[in-house]
Engineer: 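This is the structure I have questions about; it appears just below.
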Amino acid sequence: MKKVIFALSLVALTLTSCGTKKKIAALEAQNKECQDLLNSTTVKLNLCLSEKDALSKQNDYLKQNNSDLISNTKDLTVLTTKGAQNLEKSLESLKEKDLKISRLQDALTKKDSVTLALVTSLKSSVGISDPDIEINVEKGVVFISIADKLLFKSGSYVVSDRAKEVLGKVAKVINSRPTFECMVEGHTDNVPFTGNAILLDNWDLSVKRSTAIVRVLTKDLGVKPSQLIAAGRSEFIPLVDNNSADNRAKNRRTRIVVLPKIDEFYDMIEKEMKNQKK
């Protein structure tokens with residue numbers, strides 16, 4: 001009987017031991033599977049964390065870039081506004097300059113017309129056939145050059161009768177234009193003046209001749225004194241070299257410079273400018 005019980009116990013123990021081994025093997029397999037899953041999950045977690053960090057940095061960069069773009073846009077808006085204002089001012093300035101240029105051109109055209117009319121009138125009155133009388137225009141100014149021999153005797157500042165005839169024609173033109181001014185210039189050659197009780201040198205002679213003609217124009221020919229200017233240029237603005245008798249004779253001359261008042265043209269321009277702004 002005892003033998004039978006021992007045999008049964010041995011069989012039961014053997015069965016129990018086999019069952020435990022199977023459970024342990026199953027648990028080990030399950031543990032390995034969990035470990036593999038944990039390892040895989042850890043790898044994925046690390047990858048996600050890395051991607052998150054990269055995305056976070058990219059997000060920060062995009063935010064900063066967006067902020068910079070907004071700032072730049074504001075700056076560009078300010079610059080564009082200022083640029084538009086500056087452009088508008090530049091255009092206004094150009095319009096004003098164009099207007100001024102146009103008015104100046106009109107004034108110059110009018111001045112040229114006046115000068116041409118004056119030259120025509122002078123040539124008609126004085127005549128151009130006499131080689132000792134020259135009428136020309138230089139830079140918009142009319143010059144009447146009268147040879148010394150028509151006006152004075154050598155070394156003298158007494159106006160001759162023939163000179164008064166010529167000056168009478170000039171006075172007629174001057175009197176017809178009361179707003180004009182005339183400068184009477186006396187010129188000599190370079191032969192030194194010996195001097196006397198009245199005249200000291202060529203300066204004195206040129207000035208005396210100029211004032212003598214001014215007196216004839218005002219006292220004898222009715223020209224307003226306010227229109228005349230007396231000037232002596234002595235020997236220092238020759239037409240030609242003083243190296244011959246003929247050349248010295250050319251340099252001894254009286255020149256009457258007819259000067260339209262430029263102020264009148266500028267006044268006209270200023271009035272026109274004011275009218276344009278109204």
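Fair warning: this is a prediction, and the values are worked out from it, not measured in the lab.
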Engineer: Once you round to the nearest 0.5 Å, how far does CG of Leu217 lie from CD1 of Ile174?
Structural biologist: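 Leu217 atom CG to Ile174 atom CD1 measures 5.5 Å (nearest 0.5 Å).
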
Engineer: What's the separation between atom CD in Glu185 and atom CD1 in Ile256, rounded to the nearest 0.5 Å?
Structural biologist: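 So the CD of Glu185 and the CD1 of Ile256 are separated by 10.0 Å.
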
Engineer: Taking Asp189 as the fixed residue, which of Arg252, Lys250, Arg253, Arg248 is the one that meets the side-chain hydrogen bond (donor to acceptor under 3.5 Å, both in side chains) rule?
Structural biologist: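 So, applying the side-chain hydrogen bond (donor to acceptor under 3.5 Å, both in side chains) to Asp189 and each of Arg252, Lys250, Arg253, Arg248, only Arg252 qualifies.
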
Engineer: Within the structure provided, determine whether Phe236 and Ser234 are in side-chain contact (heavy-atom separation under 4.5 Å).
Structural biologist: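 Phe236 reaches Ser234 side chain to side chain.
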
Engineer: Heavy-atom distance under 4.5 Å between the side chains of Lys208 and Ile198, does that happen here?
Structural biologist: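 Lys208 reaches Ile198 side chain to side chain.
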
Engineer: Just so I know, are the side chains of Val258 and Arg177 near enough to count as touching, which here means a heavy-atom distance under 4.5 Å?
Structural biologist: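 Counting from C-beta outward, Val258 and Arg177 never come under 4.5 Å.
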
Engineer: Among the clusters formed by ILVMFWY side chains lying less than 4.5 Å apart, do Val170 and Val223 turn up in the same one?
Structural biologist: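 As far as the 4.5 Å side-chain criterion goes, Val223 and Val170 are connected within one cluster.
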
Engineer: Grab the two heavy atoms, one from Phe152 and one from Ala212, that are nearest each other, plus how far apart they are.
Structural biologist: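 Residues Phe152 and Ala212, closest heavy atoms: CE2-CB, 4.5 Å.
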
Engineer: Would you check if Arg209 and Asp148 make a side-chain contact, meaning some heavy-atom pair closer than 4.5 Å?
Structural biologist: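 The answer is yes; the side chains approach within 4.5 Å.
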
Engineer: Name the residue from Asn190, Thr188, Asn202 that meets the side-chain hydrogen bond (donor to acceptor under 3.5 Å, both in side chains) definition with Glu235.
Structural biologist: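 For Glu235, the side-chain hydrogen bond (donor to acceptor under 3.5 Å, both in side chains) check succeeds only for Asn202.
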
Engineer: Using the rule that two of Ile, Leu, Val, Met, Phe, Trp, Tyr join whenever any of their side-chain heavy atoms come within less than 4.5 Å, decide whether Leu151 and Ile135 are in one cluster.
Structural biologist: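 Hydrophobic grouping puts Leu151 with Ile135.
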
Engineer: Got a sec, which pairs hit side-chain hydrogen bond (donor to acceptor under 3.5 Å, both in side chains) with one end in residues 218-228, sequence neighbours left out?
Structural biologist: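 Non-adjacent pairs meeting side-chain hydrogen bond (donor to acceptor under 3.5 Å, both in side chains): zero.
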
Engineer: Less than 4.5 Å apart, any side-chain heavy atom of Asn251 and any of Leu239?
Structural biologist: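 Contact flag for Asn251/Leu239 side chains = yes.
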
Engineer: Could you tell me whether the side chain of Asp246 reaches within less than 4.5 Å of the side chain of Val240, counting heavy atoms only?
Structural biologist: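 The answer is no, as the side chains (C-beta and beyond) never meet within the 4.5 Å cut-off.
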
Engineer: For the residue pair Leu167 and Val159, establish whether any side-chain heavy-atom pair is separated by less than 4.5 Å.
Structural biologist: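 Side chain of Leu167 against side chain of Val159, heavy atoms only: contact under 4.5 Å found.
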
Engineer: Between Ile213 and Leu228, is there a shared hydrophobic cluster once you connect ILVMFWY residues whose side-chain heavy atoms come closer than 4.5 Å?
Structural biologist: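 Yes; tracing contacts between hydrophobic side chains, which count when under 4.5 Å, links both residues.
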
Engineer: Hey, does Phe180 have a side-chain heavy atom less than 4.5 Å from the side chain of Val173?
Structural biologist: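 Sidechains of Phe180 and Val173: no contact.
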
